[in-house]
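Have a look at the structure below before the remarks.
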Amino acid sequence: MDTTIYYFTSTGNSLKIAKDLKDDLENTSIVQICKNNMNIKSETKSERIGFVFPVYFRGLPHMVKKFVENLNINVNSYCFAVASYGSNAALSFEQLNHLLTSKGAVLSRAFGIPMPGTMWSMYYPHPKEDYINRIEAQRELTREIAKEINNKTIVKLSEINNRTLEEKMYSSFQPSGEDKDFWADEKCDDCGICARICAANNIIMSNQRPQWQHQCEQCLACLHWCPKESIQYKKDSLNKERYHNPYVKVEELFQKH
Ligand SMILES: Cc1cc2nc3c(=O)[nH]c(=O)nc-3n(C[C@H](O)[C@H](O)[C@H](O)COP(=O)(O)O)c2cc1C
């Protein structure tokens, strides 16, 4: 039985989960959701199709939403999702299921894995110990999830608490001019890693500095992965610790398509 897993990631948490699922499930390929790969023309014929993504503003990252909208899916495939989050999956599974049912498919299983929260304004300061515990617990949780996927179990989606509040939060998230408050301080050495890892192709290097092009997904990859910790958001990020998943290398974030 073959499986295709589509993943979106910023700091590597979701990529680590996707890689572990690839190891735990036979005959599995993982495919990055990124600007250069938003239109897969041929039908996704795998018997199992998975989506692994972070939760943003209580729901699906916009690029994941657009990607699934464009995806030509075999309606008989077993579809599953794994959300990585700081708190909970909120609207994300329902949103994904809605997109899949509009194509005649259905989300059969949805799993969540608590990971280090990457949006410092919400989660920082976050006890380091808790980060480490979550990172270590993820491997075993993923093994358990793989067993469920192997058995193609089906479970109805849970009810959403506080729907009105969640929807209000989600609608406040609009990728566009939201990047005007990013800047690079004097530590920037023009290495261009921020531009290479931006899944939205939203950064160009100009005059030895990154410039954000107003199609930002708010994923914060640029800020968290900058090797010099030179990228800042307003003054909020000054002197704050950066995070990226310790099992993922920056090169794995470069767009492959
Ligand atoms: C812009 C942004 C918004 C986020 N919103 C939420 C949220 O609403 N709920 C939540 O539980 N986690 C939220 N998070 C935390 C991420 O979902 C979590 O850290 C995830 O594991 C990151 O995965 P990644 O490393 O694959 O990008 C948010 C993170 C970012 C950057």
Side-chain angles (χ1 to χ4, degrees), residues 5-21 30-34 50-65 67 81-96 110-126 130-139 141-142 158 160-163 165-176 178-179 181-182 197-200 202 212 215-225 231 233-234 236-237 240-250 252-253:
I5 294 175
Y6 300 105
Y7 70 89
F8 180 80
T9 198
S10 153
T11 53
N13 291 341
S14 310
L15 174 55
K16 170 66 166 56
I17 295 166
K19 290 198 299 181
D20 288 346
L21 285 174
I30 63 172
V31 180
Q32 186 186 20
I33 298 177
C34 56
F51 301 91
V52 183
F53 52 83
V55 175
Y56 282 179
F57 295 93
R58 324 308 293 167
L60 284 180
H62 281 231
M63 278 180 71
V64 174
K65 217 167 156 198
F67 178 85
V82 185
S84 75
Y85 47 65
S87 320
N88 59 61
L91 302 168
S92 59
F93 296 141
E94 196 179 90
Q95 291 172 334
L96 180 59
F111 308 91
I113 302 191
M115 293 299 283
T118 49
M119 192 186 188
W120 74 87
S121 56
M122 271 188 202
Y123 301 102
Y124 280 36
H126 193 128
D130 190 28
Y131 266 44
I132 293 165
N133 291 342
R134 284 180 178 212
I135 290 168
E136 295 314 319
Q138 171 268 315
R139 184 67 194 95
L141 288 172
T142 308
S158 329
I160 290 166
N161 299 324
N162 275 331
R163 177 184 296 276
L165 189 70
E166 308 289 38
E167 280 172 352
K168 198 168 161 212
M169 278 285 280
Y170 191 69
S171 59
S172 71
F173 165 42
Q174 292 302 335
S176 56
E178 296 291 339
D179 57 7
D181 294 315
F182 285 104
I197 60 169
C198 178
N202 186 47
W212 287 263
Q215 291 300 320
C216 180
E217 286 286 315
Q218 295 279 294
C219 79
L220 304 180
C222 53
L223 182 143
H224 283 295
W225 284 98
I231 294 182
Y233 185 77
K234 299 182 188 165
D236 298 358
S237 56
K240 292 226 171 113
E241 201 179 332
R242 298 331 196 228
Y243 167 81
H244 49 81
N245 191 289
Y247 296 100
V248 171
K249 295 195 184 76
V250 71
E252 295 177 86
L253 275 282

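Counting starts at 1 for both ligands and their atoms, in listed order.
For ligand 1, one of its N or O atoms has an N or O atom of Gly12 under 3.5 Å away. When only interatomic distances are considered, the shortest N/O to N/O separation between Phe57 and ligand 1 falls below 3.5 Å. The distance criterion of under 3.5 Å between nitrogen or oxygen atoms is not met by Leu15 with respect to ligand 1. Here's the thing with Leu220: none of its N/O atoms is less than 3.5 angstrom from an N/O atom of ligand 1.
Using modelled atom types, one side-chain atom of Ser10 and one backbone atom of Ala221 make a donor-acceptor pair closer than 3.5 Å.
Shown in contact with Ser14 at under 4.0 Å from a heavy atom are these atoms of ligand 1, numbered in order with element: 23 (O), 24 (P), 26 (O). Within the listing of ligand 1, atoms 24 (P), 26 (O), 27 (O) sit less than 4.0 angstrom from a heavy atom of Ser10. Per-residue contacts place Thr11 under 4.0 angstrom from the following atoms of ligand 1 (heavy atoms of the residue considered): 24 (P), 25 (O), 27 (O). Under a 4.0 Å criterion applied to the non-hydrogen atoms of Met115, ligand 1 contributes the atoms 21 (O). Close approach to Ser87 involves these atoms of ligand 1, each under 4.0 Å from a residue heavy atom: 10 (C), 11 (O).
Cys222 places a side-chain heavy atom less than 4.5 Å from the side chain of Trp212. Annotation: side chain of Ile231 is not in contact with side chain of His224 (no heavy-atom distance under 4.5 Å). Counting heavy atoms from C-beta outward, Glu252 and Thr9 have side chains that stay 4.5 Å or more apart.
The part of Cys219 lying near ligand 1 is the backbone, judged by heavy-atom distances below 4.0 Å. Of all the heavy atoms of Arg58, the ones lying under 4.0 Å from any atom of ligand 1 are found in both the backbone and the side chain. Neither the backbone nor the side chain of Ala90 has a heavy atom within less than 4.0 Å of ligand 1.
Atom CG of Asp179 and atom SG of Cys216 lie 5.0 Å apart (nearest 0.5 Å).
For Tyr243 against Pro246, the heavy-atom pair with the smallest separation is OH-CD, 4.3 Å. What you find for Asp20 and Lys16 is that their closest heavy atoms are OD2-NZ, 2.7 Å. The two residues Leu96 and Ala81 have their closest heavy-atom pair at CD2-CB, 3.6 Å.
Heavy atoms of Asn88 come nearer than 4.0 angstrom to ligand 1 in at least one pair.
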